[in-house]
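Each remark here refers to the structure printed beneath this line.
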Amino acid sequence: MDYLREELYRLQNTVSTIFDFIQESSLGGLWFWDLTESGNKWASSRFWRTVGRERGAWDAVLSQEDLVAIEGHVEACTANNSDSYTQLVRCTHQNGTNVWMHCSGLVLRDVAGQPYRMLGVLLDITKQRNEEVYNQELANHYGSILSNQSVYIIKTDAQGNYTYVNDFFYERFGYDSKIIGTRSIESIVEADWSKCLTVVGQCFAHPEVPHQVILRKPYKDGTIRSNHWEFKGVLNSEGQVGEILCVGYDVTLLLDNLDRSKRLLELTKQQNTRLQNFAYIISHNIRSHSANLTSLVQLMQNAKSEEQAAMFLQMLKTSTDKLAETIVNLNEIVTANSNANQPREPRRLKLEVDKTLAALNILLHQSQVTVTNNIAPDVTVNVVPAYLDSILLNLLSNAVKYRSLETAPTIAIGSYEQDGYTVLTITDNGLGIDLARNRSKVFGMYKTFHNNEDARGVGLFITKNQIEAMNGKIEIESEVGVGSTFKVYFNESIQSDLYS
Amino acid sequence: MRAFNLIYIVEDDLITSTITELIVSQNEAFGEVKKYMNGQEAFDALQLVAQQQAEVPDLILLDLNMPVMDGWEFLDAFSSLALQKPVCVCVLTSSIDPDDIEKSKRYAEVKGYFTKPLDGDMLNQIVGLVA
């Protein structure tokens, strides 16, 4: 087929259409420069169209800097004794943008071997170059997202081994690249493993959708941090889950606050319940007296004799006295409940107990109770002094009031330390309370357990309230006919941690 | 017309039980009254009644908050007694706690829940319960 080749070469020499067609259709432009002193330059019309300029506007198309670069290549080519070179040429388009051209240069020499012409074949690669630049920018952009300062991004293979982790993850957990290829689950606290595996199972069952989980991980400073994760099973070309993408962030503070809110809510709930109970109790106790008063007034109006009227009047007096007493009691309870933030002072427990015993001296003597105070002299408690007085008086006078009538009554007082509490124990060998039946009522208001005329049913209720107001607690051990032990737990930290 | 021949009043407050007795005895639908200071005393009496086949009360007016054995404990113990005939139990209390009212409905023996003060209208309602 060589005849066609020869024919094309011949045609090309005689008919300019062939040459024009080739360069117009396949090139971004053609240069033919005079390398001798004249320095003339020619470019094809295609070139001027590519750069959107008037023919011959060389100064606008090539900056001095770009021109020097081109000349540098030509000179280097000459110096190397080679004929051709390639270079990247930047031209400035009419609209101000850069036009990037790939230039293949051919240096033509005269008979003396001196370069005198340069033929430049130009390809417009602006589009490709822009794409490259864009891709590079994109890669930088994602790179900066991946190593951002607030989100952990990790990837594992289908077996759960790390294949990628971002810089933030390294930094926060104090790992280095040695972690790649190791089992990811081992960096989670063991108690959360099953939770993690469940979510991984979901990733396989439902790939390409996120699955959420909160997992705990030891932080580099040794603390445990809670992180919220979104796991996603990513399908490979075979349609299998090939890797798991995990994006997480620290929610420790959030969880701590949530926990705190829950505890506050619980406290509020308890307080509300107590308030409601208190309201019912108040209404019950005031109502019971007012009901008697109503009835008695009615009965008096219909009294059949002077004697009957006098009896009703006496009953009326008793009822009003009891009502007044009830109101005093309620006032005491309200006071114990509302002054929760009274200042606390250190008090020597043994000394305070001795003072209370001295106040009860006559009663103790009459009842022939043997009291032993075994508290060490240096035991100190931080208390609201008035509350401590009231607590000791209540518990000790109860121990006397409900003493055994069959055996010689004794009261033993002691103390010990337990879990940050100073525990005061008051043990008697008195009547005791059937706790199987009454445990829930011992510290309730207006609950009495023995047929004792004096019993108001408020003493232990107030005692409990006063102890709780000081963040302590009270417990009872008791057996009917054997005796009771009351344990008062004094909380030694001044403030409850909830408000700290 | 007699609706109740024998009435038990179970009430720890002396004045209240005296008043209740007075008001009850002024109504001719009510017969003999026996008073007990708490649930235990009433329960002991009823146990004796069951043993000796003695007269079973027709009505028990039961307070809730009492020492030794309170109204609820009495009701729990009461259902174990084998009495010759059913007894109408009415709670008579100062408590308006909705929990107490609800709880009383869980005892089949409790036919009514009344809050003090007791008056003639209330007695008529109690009569209506067995009419």
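Lettering follows sequence order; numbering is per chain, from 1.
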Which heavy atom in [X] sits nearest to a heavy atom in [Y], and how many Å separate them?
X: B:Lys116; Y: A:Arg287; result: O-NH2, 3.2 Å
X: B:Leu118; Y: A:Ser295; result: O-OG, 4.0 Å
X: B:Ile15; Y: A:Met315; result: CD1-O, 3.5 Å

Residue B:Asp13 versus chain A: region with a heavy atom under 4.5 Å: side chain
Portion of B:Thr93 that has a non-hydrogen atom of chain A nearer than 4.5 angstrom: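 Only the side chain of B:Thr93 comes within 4.5 Å of chain A.
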Flag if over 12 foreign heavy atoms under 6.0 Å of CD1, A:Ile362: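 Not buried by this count: 12 neighbours or fewer within 6.0 Å.
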Residues, nucleotides or ligands: over 12 heavy atoms within 6.0 Å of B:Lys85 NZ: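 Result for NZ/B:Lys85: enclosed.
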Distance in Å, B:Leu14 CG paired with A:Lys322 NZ, rounded so as to fall on 0.5 Å steps: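 It comes to 7.5 Å.
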Nearest-0.5 Å distance, OG of residue B:Ser94 to CG of residue A:Asn292: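 With rounding to 0.5 Å, OG (B:Ser94) is 7.5 Å from CG (A:Asn292).
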Top contributor to chain A contacts, counting heavy-atom pairs under 4.5 Å, from B:Asp99, B:Asp97, B:Leu22, B:Thr115: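 Most heavy-atom pairs within the cutoff with chain A belong to B:Asp97.
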Contacting moiety of A:Gln314, where chain B heavy atoms sit under 4.5 Å: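 Nothing of A:Gln314, per the 4.5 Å heavy-atom cut-off to chain B.
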Most contacts with chain B, counted as non-hydrogen pairs under 4.5 angstrom, among A:Leu293, A:Leu299, A:Thr294: A:Leu299
